[in-house]
Amino acid sequence: MGFFLEFLWRQLFVWLPTPNYDFSGQTVIITGSNTGLGREAARHIVRLGAAKVILAVRTPAKGEAAAAEILESTKKTSSIIEVWELNLSSSASVKAFAKRAQGLARLDAVILNAGILTTQFALVEGEESSIVVNVVHNTLLALSLLPKLRESAAKTGLRGRIAFVGSDLQYLAKFAEGETPGNTFDVLRVEEKADMDDRYKVSKLLLACAVRAISAESPVSDKSNVIITYLTPGACKSDLFRDPMGGFQALALAIGKTIIGRSTEVGSRTLVNAVRPNQDVKVHGQFLMDGKVASAGPKINSPEGKKLEEKFHKELYDKLEQLSPGVTKI
Ligand SMILES: NC(=O)c1ccc[n+]([C@@H]2O[C@H](COP(=O)([O-])OP(=O)(O)OC[C@H]3O[C@@H](n4cnc5c(N)ncnc54)[C@H](OP(=O)(O)O)[C@@H]3O)[C@@H](O)[C@H]2O)c1
């Protein structure tokens, strides 16, 4: 089956069970949890008995509103949810957030869910915005939190979990810009040459390369009892597609979402599944689709993909070291 037939099949016929795991006593961070998939994942994890769920959001007032609504629907006490500010457009905010997390008594799981889809080119801290938010600062946050997760796992005896929210659209990335010689970041920050219709897919492809590299460098062991994985929630009816789009493209998207899109609640089940307390170590470094290990995709499973992964690993680590010296020494 081709990508589109498989995609349609999954959207229409795959049933995702309601999460039924025991998060008792655990502390979980979920980024971008004021709305969409992140908020629904938070609702499940609160319902499933977590001791502390941290909503990591860029606008605290939106986080507080989401917290109140989740508490109302789950009938839990307000002390369970904390709202912490996190702006993934700012490396200073990411570092401040990670520093604050060092003070937690424990940290069992992190869902790196916040992300953007935009066709508008904009520079943020010198790089194109989707590359910064979806890739650079997401991985900066993960690497900055990894020591805390390891420490916590050693203390509690429970394996830590990190799940990055990727996308199966990475399979469709053309990434023609990647054929231009030179550093990937240098190539992607040139507005005149940017293919913004492809950029979200490219950001998720590069995120996949990064997650695979980080997980290979940090195998699950006594020293690092933390599973690192990435996933797709499938196509969901959220505000992700908030960019103004014109004409036929906007109409096609609206119709497509209405007919085959999952609700954010259903999509969020894949996020909760990825960080479930009894997660299998065999998913470490793997791409999860509907809760199962899926192919990393043609852009990665090829000799060119291997080269891209190695090249981008080095480029990303150089960048992360500039942002936070020592952060890649995992
Ligand atoms: N929906 C889908 O069909 C689909 C499919 C595959 C993958 N995904 C992935 O799923 C994840 C969640 O998306 P969603 O569909 O739930 O979209 P959404 O409703 O737009 O939620 C995105 C979340 O990310 C936050 N965010 C965006 N930029 C941020 C920044 N600079 N700093 C901090 N937070 C930021 C948003 O905060 P604000 O509300 O403040 O903007 C929001 O909380 C994304 O990574 C997306 O790529 C979604």
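Numbering of ligands and ligand atoms starts at 1, following listing order. Throughout, numbering of the chain's residues begins at 1 and tracks the sequence.
No side-chain N or O of Thr156 forms a donor-acceptor pair with one of Arg106 less than 3.5 Å apart. Between the side chains of Glu217 and Tyr317, at least one donor N or O sits under 3.5 Å from an acceptor N or O. Remark: the Lys311 side chain and the Thr184 side chain contain an N/O donor-acceptor pair separated by less than 3.5 Å. Judged purely by distance below 3.5 Å, without hydrogens or angles, the side chains of Ser218 and Arg150 pair a donor atom with an acceptor atom. For the residue pair Ser295 and Asn301, a side-chain donor N or O sits within less than 3.5 Å of a side-chain acceptor on the partner.
Relative ring orientation between Phe287 and Tyr171 is described as perpendicular, the plane-to-plane angle rising above 60° on a 0-90° scale split at 30° and 60°.
Between Ser167 and ligand 1, no N or O atom pair is found at a separation short of 3.5 Å. Between Arg58 and ligand 1, a contact under 3.5 Å exists for at least one N or O pair. Looking at ligand 1, you'll find an N or O of Gly32 within less than 3.5 Å of one of its N or O atoms.
Scanning the protein heavy atoms around atom 18 (P) of ligand 1, the nearest turns out to be Arg242 NH2, 3.6 Å. Among all non-hydrogen protein atoms, the one lying nearest atom 46 (C) of ligand 1 is Tyr200 OH, 3.5 Å. For atom 33 (C) of ligand 1, the nearest non-hydrogen atom of the protein is Leu86 O, 3.3 Å. For atom 32 (N) of ligand 1, the closest heavy atom belonging to the protein is Leu88 N, 2.8 Å. Counting protein heavy atoms only, atom 34 (N) of ligand 1 is closest to Ala114 CB, 3.7 Å. Among protein heavy atoms, atom 48 (C) of ligand 1 sits closest to Leu240 CD2, 3.5 Å. In terms of protein heavy atoms, atom 39 (O) of ligand 1 is closest to Asn34 ND2, 2.8 Å. The protein atom (non-hydrogen) at minimum distance from atom 42 (C) of ligand 1 is Thr35 CG2, 3.6 Å.
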Atom pairs and distances, side-chain donor-acceptor, residues 93-104, under 3.5 Å, sequence neighbours left out:
{"unit_1": "Ser93", "atom_1": "OG", "unit_2": "Asn87", "atom_2": "N", "d": "2.8"}
{"unit_1": "Lys95", "atom_1": "NZ", "unit_2": "Leu323", "atom_2": "O", "d": "2.6"}
{"unit_1": "Gln102", "atom_1": "NE2", "unit_2": "Ala98", "atom_2": "O", "d": "3.2"}

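For Pro233, every heavy-atom contact with ligand 1 shorter than 4.0 Å involves the side chain, none the backbone. Only the side chain of Lys204 comes within 4.0 Å of ligand 1, counting heavy atoms alone; its backbone N, CA, C and O stay farther away. Counting heavy atoms under 4.0 Å from ligand 1, residue Lys62 touches it through the side chain alone. Contacts between Leu37 and ligand 1 below 4.0 angstrom, taking non-hydrogen atoms only, involve backbone and side chain alike.
Distances shorter than 4.0 angstrom occur between a heavy atom of Val165 and an atom of ligand 1. For Gly234, the closest heavy-atom approach to ligand 1 falls below 4.0 Å. In this structure, Gly166 is part of the shell of residues with a heavy atom less than 4.0 angstrom from ligand 1.
Closest heavy-atom approach to atom 12 (C) of ligand 1 among the candidates Asn113, Leu169, Thr232: Asn113.
Here Lys307 does not pair with Glu310 in a salt bridge; the nearest charged N to carboxylate O distance is not below 4.0 Å. Between Glu82 and Lys52, at least one side-chain nitrogen of the basic residue sits less than 4.0 Å from a carboxylate oxygen of the acidic one, meeting the salt-bridge criterion.
Atom CG of Asn278 has more than 12 neighbouring heavy atoms from other residues, nucleotides or ligands inside a 6.0 Å radius. The number of heavy-atom neighbours closer than 6.0 Å to NZ of Lys148, taken from other residues, nucleotides and ligands shown, is above 12.
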